[in-house]
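Some notes on the structure that comes next.
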Protein chains: 2
Amino acid sequence: MTLSEEDYIKAIYHLGKGENSTVSTNAVAYQMETKPSSVTDMIKKLSDKGVVNYRPYKGVSLTEYGQKIALSQVRKHRLWEVFLLEKLDFSWDEVHDVAEQLEHIKSEKLIDQLDKHLGFPEVDPHGDPIPSKKGELKKTIKKLLNEVPIGASGICVGVKDSSPPFLKFLDRNNIALGDTILVLEKEEFDGSLYIRIKESKIHISDQIASNLYLKITE
Amino acid sequence: MTLSEEDYIKAIYHLGKGENSTVSTNAVAYQMETKPSSVTDMIKKLSDKGVVNYRPYKGVSLTEYGQKIALSQVRKHRLWEVFLLEKLDFSWDEVHDVAEQLEHIKSEKLIDQLDKHLGFPEVDPHGDPIPSKKGELKKTIKKLLNEVPIGASGICVGVKDSSPPFLKFLDRNNIALGDTILVLEKEEFDGSLYIRIKESKIHISDQIASNLYLKITE
DNA sequence: ACAAATATTTAGTTTTGTCTAAAATTATTT
DNA sequence: AAATAATTTTAGACAAAACTAAATATTTGT
Ligand SMILES: [Mn+2]
Ligand SMILES: [Mn+2]
Ligand SMILES: [Mn+2]
Ligand SMILES: [Mn+2]
């Protein structure tokens, strides 16, 4: 597959929400930042190659083969994101663009060894699961921190309240998007939580916890 | 620069032996595994961009600007080679092809951080020097091991005698291409050498040492 | 149900990088 | 100094991936 084909396959996969659902030409065009006519051309080519099921005017979906390619692509993308964050000190929001390029390098050994070098990570810096080499993918769900069960951990992926005071609070307490949070204990009295974040243990109120989203792997 | 342009620039640089020397169309075509007519087309484009000096029928050379690009490209290529060998356990002869792809990833931060992650290496797995960010390049020379001064070290890059018995000897003594060898001491009596290789100290005869090439940085 | 709005495809170009075949230039022999 | 050989360039074509403008199909609103 060419770089372009790989990106289209990934776009169709993501728009189909990981399911085999049918995706519209316009949706792909928007995602890929191209014109619908370009999408039609590419879809025809992918259809000829057996990567997608295509019925003119009705949309596209990935074939079994196409899904395999998509998952392999997602695997590469997310492993590179972990690499950039963990080994090269990139920040949460810088990893995506570079991974978008790195995911197209052709070498099976490269990915296998990268996986090993990273200690076989299960999720990427955005809390999304990394498909296994065979294409198995764990499910993740997004939950407010106060609804995460004791003992579970997840990655901080967003805030419900994005007011400056709240963001300032997070900053002061050294809580940032991309951080892994482990729920240690819940205070019965006021619902406040003891959590582990970046090697330190902190205590946060229920009000804070009910405004932070975590992505957790089941 | 596009991927293709970058590879042409690198080819012209290498054929010019790092000097600004003029290179023939056919030489570039051979190196790039393309046809001479394709090379002429590309050279014209690079000339328009101010990357090369071109006089029809007379050959090309890099401009100052072109040399900068070439050195930056060589830097990326060699840093990735070190990464593949050191961090991902690739072997000496596997690194080149993958680095040929990785060198085209566009991200200044990526290369800076990679350099840091690798501990600012000075040479690649083939003993070739890695240009600095500013484009400075150390000189290296190839010498037979028995001519390397005491205290100097280099990378094993070839053999003079490639007969099966000699290669078998190297294999048995765990000496391989790409290994870093440090010359510790020379025995006056028979010219034999004590060397350090992969954390171990071994003793080899002058006959062996005079059949192994090292690449050393000055 | 039918007109208007929206979505999708087709037709015709463009750019990049490649190719083959033919023409032009330069180098080598005799 | 011609003739021959080798190298290099030009001309014309092609595939990939994009675009614009026009045509066609589908969906929506009344
Ligand atoms: Mn990509
Ligand atoms: Mn991600
Ligand atoms: Mn390359
Ligand atoms: Mn090298």
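Throughout, protein chains are lettered first and strands after them, A, B, ... in sequence-line order, and every chain is numbered starting at 1. Since the model is a prediction, treat every value here as computed from it, not as a measurement.
Rounded to an integer number of Å, the gap from B/Y54 OH to D/dT10 C1' is 10 Å. The CE atom of B/M42 sits 17 Å away from the C1' atom of D/dT8 (whole-angstrom rounding). Between the P atom of D/dA18 and the CD atom of A/E5 lies a distance of 10 Å, rounded to the nearest Å. Taking atom CZ of A/R55 as the reference point, atom P of C/dT8 lies 14 Å away to the nearest angstrom. As a whole-Å value, the separation of A/L15 CG from C/dA7 C1' is 16 Å. Look at CD1 on A/I43: it is 11 Å from C1' on C/dT9, rounded to the nearest Å. Distance CG (A/D41) to P (D/dT20): 13 Å, rounded to an integer number of Å. The nearest whole Å value for the distance from the CE atom in B/M32 to the P atom in C/dC19 is 10 Å.
Side-chain contact annotation: A/Q113 with A/H117, donor-acceptor N/O pair under 3.5 Å absent.
A/T40 comes within contact range of at least one nucleobase, with a heavy-atom separation under 4.0 Å. Contacts of A/T34 with the nucleic acid, taken as non-hydrogen atoms under 4.0 Å apart, involve only primed sugar atoms and P, OP1 or OP2. In this structure, B/P56 reaches the sugar-phosphate backbone alone: every heavy-atom distance under 4.0 Å involves primed, P, OP1 or OP2 atoms, never a base. Nucleic acid contact for B/S4: sugar-phosphate only, since backbone atoms but no base atoms lie under 4.0 Å from a heavy atom of the residue. When heavy atoms are screened at a 4.0 angstrom cut-off, A/Y30 is found touching no nucleic acid atom at all.
Here D/dT20 is the nucleotide among C/dC19, D/dT20, C/dT8 with the atom lying nearest to any side-chain atom of A/K35.
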Go through the steps for A/R75 and A/D115 under the test salt bridge (charged side-chain N to carboxylate O under 4.0 Å, His left out), then give the verdict. CA-CA 10 Å; A/R75 172 174 161 78; A/D115 195 17; 3.1 Å; yes

Kindly indicate, with the supporting measurements, whether the criterion side-chain contact (heavy atoms from CB on, under 4.5 Å) is fulfilled by B/Y30 and B/V39. CA-CA 10 Å; B/Y30 183 77; B/V39 174; over 6 Å; no

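In this structure, A/T22 OG1 and A/N20 CG are separated by 7.5 Å, a value rounded to the nearest 0.5 Å.
Distances shorter than 4.0 Å separate some side-chain N or O of A/N26 from OP1 or OP2 on C/dT8. The side chain of A/Y8 contributes no N or O atom lying less than 4.0 Å from OP1 or OP2 of D/dA16. For the pair A/S38 and D/dC19, the criterion of a side-chain N or O lying under 4.0 Å from OP1 or OP2 is met.
Nearest-nucleotide positions on DNA chain D place B/Y57 closer to the 5' end than the other of A/K58 and B/Y57.
Contact annotation: side chain of B/S37 to base of D/dT8, donor-acceptor pair absent below 3.5 Å.
Ring to ring, B/F83 and A/F83 are close: their centroids are under 6.0 angstrom apart.
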